[in-house]
Visitor: 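The structure is given below, and queries will be raised subsequently.
So that the names make sense, note that chain A is the first sequence line, chain B the second, and so on, each numbered from 1.
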Amino acid sequence: MFRINYGNIIRFLIVLSFGLVPAVISQLLVKQPVSRHIHVSNFRYGKDPSVIRSNRGDTLHLTFSTADTGHSFFLEEFDMDAKVSPSREMVEVFKTSDPTQSPVLTREVTIVARHPGLQNFLVARSNYRCHVWCGPMHAFEHGKLVLFPNTLLIFSLGCAAGILLLWLIGFRAGLTHTADNKGIKTGYVDLFEKSGLIKKLVTSRWPQTIITILALLLVYLVVLTSIFGTKMSGRNLGVLLMWAVWLFLLIAVLTPFLGRIWCTICPLPFFGDLVQRKSLFNPLEGLKGKYRNKYSGWFLRWPKALQNNWPKLFVLLALTTFSTTLVALPKVTGYAVLALILLPFMLSLVFELRAFCRYLCPVSGFVGPFSRMSTLALRNKSQTTCNRCKPHYCQNGSIKGWACPYGINVGEMNESSDCGLCMECTRSCLYNNVTLYARPFGNESGTRNFSEAWLTIGIFTLALVYSILYQGHWPVVRDYINILDKGNWGLFSIYVVLVWTSTLLLMPGIVWILSSAGTRLARKCISTRELFLKSAGSLLPLGLMLWVAFVIPMLFVNVTFVMQSFSDPFGWGWDFFGTANIPWHQFVPRLVPWLQAILILAGLYFSLRNLKKSLHPNDLSPSQRLRIIMPMGLFIAASAVTMLVFFTN
Amino acid sequence: MANEKRPSKKKKNRFKSILVILILVIAIVVIPLLLLNYQANRMGLSMGEVISRIASKSEKDTTNESDSALTGERIDFLTPMHIGFEFGESPLISHIQPADLDGDGLLDVIVADARNNFISWIRQHPEGVYTEEILAGELVAPAHVQIFDFDLDGDPDIMVAVLGQLFPNNDKIGSVVILENDGSMNFSKHVVAEKIARVSDVRAGDLDNDGDMDLAVAQFGYDDGETRWLENLGDWNFRSHILQYLSGPINVELTDIDADGDLDIISLVSQEWEEIYCFINDGKGQFTPNLLFGSSNEDYGSSGIALSDLDKDGDADILYTNGDAFDYIPPQGRPWHGVQWLENKGELEFEFHRICSFTGATNVRAADFDNDGDLDLVAVSAFNIWSDPASFSFIWLENDGSMNFTRREIVRKPTHLLTCEPGDFNNDGLMDVVTGGMHTYPPYDHMSRITLWINNGKLSEI
């Protein structure tokens, strides 16, 4: 039964009013419009100025030049695309709404910094981009036009203040949430009980096998198109499917709502499983060590020292270090995906179960921690039944199902991060005691050990790094990653050191110091280590939302290119669906900063809430709890505010 | 009973697994085969040839062709003179075409000016006096002109390929324009195709053997170019037929390459393809593609083709330059750039001959400059390394009659020469040359717009 939570509605309205009041007041502060003359210099890969700030209603007189090759000043919200050519003062100005219209030749483009209708009050930030391919990093050449008053910025900062205030008041008011993850299923809804169809679809092997094979064929298409298709990444289906569509679906849709559901249909372990199991369906009877199924291969145990999240973190970091190369050079994407198919297969010949997925997979390194936030979880139905079960069919297999490829005993599972949702335990449990639950978002808090904490902090840090790198307006930053056409290997090595240091040392160091400060403030009623693990976990909701905010423009800017590439997957001049040559348009560009701001505010709310709920209210007084988590809470709030300013201003 | 059941269940289980794997294997094998077959049909190649073409692609120079030309001493046989408008800003001349437009027996020059977006006529009248006038304006970045009596009324018209923007762009901003001559040198503009990918070349000819003139069109686009032909329906109406969707077509040429009595289309496709195609006409306007040449170097930098019976064996050979460097930072040529010709061996077989390296080469044309009865070549470079004082912008290649060439340099300045065309401008029986400068990037200190290079006969004296 759906129940209205009046408390939440009131809290939401309070936060909203914190945003709305200053946002409305700011409308009274509009300055008298003036004329501004701005010269925009274009270069590989940036614009100077990279930020144009003006008052709403100002008349902007824009002139252009280029320092190297042809560029353009594409500002879709103002229906203009000025093509800038070398050694030429005149620009050809096209309408973005209909680029086939004859261009206007002019030395100066004049626009009035105003949006139509209500949008005039709501839209403050627009990105200007380059719409003339000017080199391998062309996609990252952009700047921003910011109009004052910036309603979105003021609104979102107000909301952030409201969230922080309510959080602080929550301590005083003694408002508490569920304390921890351990076996408590508050708000969980048993989906198998609710729908027989869901149970049938999950426990049957056919749907999963069919979808996995389809995913495998899609990955195959990615490999083929990336390796053999056009080297223009913006027109290569493989690159776009991987880094625009799949990444968006994974981060923004699958992980928040369905956790590690990608692992359910992930084709990477397909061949490895096949070799080990020699069957795609029911298990073969037999024994292999402690497992009650017949397996092939050497089936060695993964080294004990590496049975943690460190290898995943390093693989993830290595992959993300070369992210620009992966995106800009389709062949590199193709070979990387190929390696991701071959490696699990080879490991499965040597090691037991899914060694790659458990200890090395960068995707699992990413979605694992975030799956703790998801609204879907696999758990047992009855702990008592699990306690009574000695054979641990879920973990060791049975005649009905394979042993858990992730080595998990469902009876001992309170967190979702290790579970790859392969659904095998729903088949192998002879007590029919495993089910899927729908649950509230951001349900799990804390981290269990250092490697998990480091991984969590790592993916949070990478969200910040990626946002700055690819969506920041600073062209100099992109010079640090340009090993493609500028060959900036010196700068790149500095970038590598910075990213690895900030991910492995700086950010964990900050969290540790804040935890230490918290324990000191509370006079050591909790250990720094314990608080560090809890604090790291509290970064998950904000981290996830930062990632979603990052991938939204990655897809929305490239929607047209995705459509083009489906018609011409290899860039060989095909046109299957008649969309190969459609003009480029961004998807709802005016809405993007709003979506990003709302996501970060949601992340802030959930992160602060989880930080608070990670401490047992019974053991500590409200003021002790406040003192303990105040430093980390302020850090989370500061991070959110910084990113709000970054995305909206 | 249970024991009997178990093996059958096991069998069923195995059968299901094998079935799924079989479907998977079939899909893995069949998908690429279908795609290859589709591509093979489009390219006019066998599937094996498509595979070998894909497999041989690389971003390095793998042509391994060494220069066949010897280097000879410089002979000053050309005397330059600037003709046409004076210029202030750096000139952007995309093409020039010598033609006796007014029929006065003196060669004039038709100019495609991408700086000022017009087509102009540098009229020679009286002899040795050159006056430029604009024939048609508001043609944004015209790329190519052809002088041809399109409407068969006895006077020359002008076919204009209009890019819509000089620099790479995917927008549909190209157009095909015909400047119709009323016989008194007044030209009316007919836009026969517009809102299409950037048009880089257009040539007229009767492609469907119905007695009127049609058009073959190269559309460079950017990464969505096309090659098409426009069927003349009369009254300036045309029906469009797409021949190929590859990006980067630079030139189209019309010739009866298979000697079956109809015009075929030869096209040069640059970008990452670096291929020369011919589209064989069945006589009714149905074309079948054939790949004549493809470089394995994705960065080959194809910049132009021209047809000429270089070996004088009665068929059209293909002159070919590679030297496009727009993509590089700075836009300077590469060592593998140069001049080559494809010898027509008949039956659509062409043999590649590298003549010489010439960094940034953009155009090559054939003419007998030394009046020895064989065809020599002139070539220009727009993307040489201008910071190096030893970089030449204009060379000629002397033919010894047996297709052995000696490379002789002409000048280093002016720089950035994009286009050249030979012609006897002063009717002295010696071939002169006209060149056009495209100064899109620095240095801007040795610029030229239109230069006429008068052959002073020194070569004939030697």
Visitor: Can you tell me which portion of Glu226(B) sits under 4.5 Å from chain A's heavy atoms? Options are side chain, backbone, both or neither.
Guide: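 Answer is side chain: those atoms of Glu226(B) sit under 4.5 Å from chain A.
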Visitor: Examine whether an atom of Arg42(B) lies under 4.5 Å from a heavy atom of chain A, and if so say whether it belongs to the side chain, the backbone or both; otherwise answer neither.
Guide: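 Contact with chain A: side chain only.
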Visitor: Are side-chain N/O atoms of Ser247(B) and Asp224(B) paired as donor and acceptor at under 3.5 Å?
Guide: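 The criterion, which ignores hydrogens and geometry beyond distance, is not satisfied for Asp224(B) and Ser247(B).
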Visitor: Answer with side chain, backbone, both or neither: which region of Thr230(A) has an atom nearer than 4.5 Å to a non-hydrogen atom of chain B?
Guide: both
Visitor: Does any heavy atom of chain A fall under 4.5 Å from the side chain of Ile28(B), the backbone, both, or neither of them?
Guide: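 Contact with chain A is through both the backbone and side chain of Ile28(B).
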Visitor: For Ile31(B), is it the side chain, the backbone, both, or neither that has a heavy atom closer than 4.5 Å to a heavy atom of chain A?
Guide: side chain
Visitor: Under 4.0 Å between a side-chain nitrogen and a carboxylate oxygen: does that hold for Glu138(B) and Lys189(B)?
Guide: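 Salt bridge flag = no for Lys189(B) with Glu138(B).
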Visitor: Between Arg235(A), Met232(A), Met90(A), which has the largest tally of heavy atom pairs under 4.5 Å with chain B?
Guide: Arg235(A)
Visitor: Just so I know, are the side chains of His439(B) and Ser448(B) near enough to count as touching, which here means a heavy-atom distance under 4.5 Å?
Guide: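 The answer is yes, as the side chains (C-beta and beyond) meet within the 4.5 Å cut-off.
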Visitor: Using heavy-atom distances under 4.5 Å, tell me whether Phe43(A) contacts chain B through its side chain, its backbone, both, or neither.
Guide: neither
Visitor: Using heavy-atom distances under 4.5 Å, tell me whether Ile196(B) contacts chain A through its side chain, its backbone, both, or neither.
Guide: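 No part of it gets close to chain A.
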Visitor: Can you tell me which of Phe94(A), Trp584(A), Tyr220(A), Trp206(A) forms the most heavy-atom pairs within a distance under 4.5 Å of chain B?
Guide: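 Sorted descending by pairs with chain B, the first entry is Tyr220(A).
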Visitor: So that I know where these two stand, are Phe64(A) and Phe73(A) an aromatic pair - ring centroids less than 6.0 Å apart?
Guide: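 Yes, close enough.
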Visitor: Name the orientation class of the two ring planes belonging to Tyr38(B) and Phe576(A) (parallel below 30°, tilted from 30 to 60°, perpendicular beyond 60°).
Guide: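 Rings of Tyr38(B) and Phe576(A): tilted, as their planes differ by 30° to 60°.
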Visitor: Side chain, backbone, both or neither: which part of Asp81(A) has a non-hydrogen atom closer than 4.5 Å to chain B?
Guide: side chain
Visitor: If the plane angle is over 60° it's perpendicular, under 30° parallel, otherwise tilted; pick one for Phe345(A) and Phe271(A).
Guide: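 The rings of Phe345(A) and Phe271(A) stand perpendicular, inter-plane angle above 60°.
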Visitor: Only pairs of heavy atoms separated by less than 4.5 Å count here; which of Ile23(B), Leu166(B), Ile18(B), Leu35(B) has the most with chain A?
Guide: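 Of Ile23(B), Leu166(B), Ile18(B), Leu35(B), Leu35(B) has the most heavy-atom pairs under 4.5 Å with chain A.
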Visitor: Would you please name every residue forming a side-chain contact (heavy atoms from CB on, under 4.5 Å) with Leu34(B), sequence neighbours left out?
Guide: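 Here the qualifying residues are Val30(B).
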Visitor: What part of Gln165(B) gets within 4.5 angstrom of chain A, counting heavy atoms only: side chain, backbone, both, or neither?
Guide: both
Visitor: Given the options Met43(B), Arg115(B), Arg14(B), Gln271(B), which has more heavy-atom pairs under 4.5 Å with chain A than any of the others?
Guide: Arg115(B)
Visitor: Which bit of Ile210(A) comes within less than 4.5 Å of chain B, counting heavy atoms only: side chain, backbone, both or neither?
Guide: neither
Visitor: Checking Trp386(B) against Tyr441(B) for the side-chain hydrogen bond (donor to acceptor under 3.5 Å, both in side chains) test, could you report, in this order, the C-alpha distance in whole Å, the side-chain angles of both residues, the deciding distance, and whether it holds?
Guide: CA-CA 10 Å; Trp386(B) 306 121; Tyr441(B) 69 99; 3.1 Å; yes
Visitor: May I ask you to say whether Lys294(A) pairs ionically with Glu285(A), meaning some side-chain N is under 4.0 Å from a carboxylate O?
Guide: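 No salt bridge links Lys294(A) with Glu285(A).
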Visitor: What part of Ile227(A) lies closer than 4.5 angstrom to a heavy atom of chain B: side chain, backbone, both or neither?
Guide: neither
Visitor: By side-chain contact (heavy atoms from CB on, under 4.5 Å), which residues pair with Asn41(B), not counting sequence neighbours?
Guide: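 Residues passing side-chain contact (heavy atoms from CB on, under 4.5 Å) with Asn41(B): Asn37(B).
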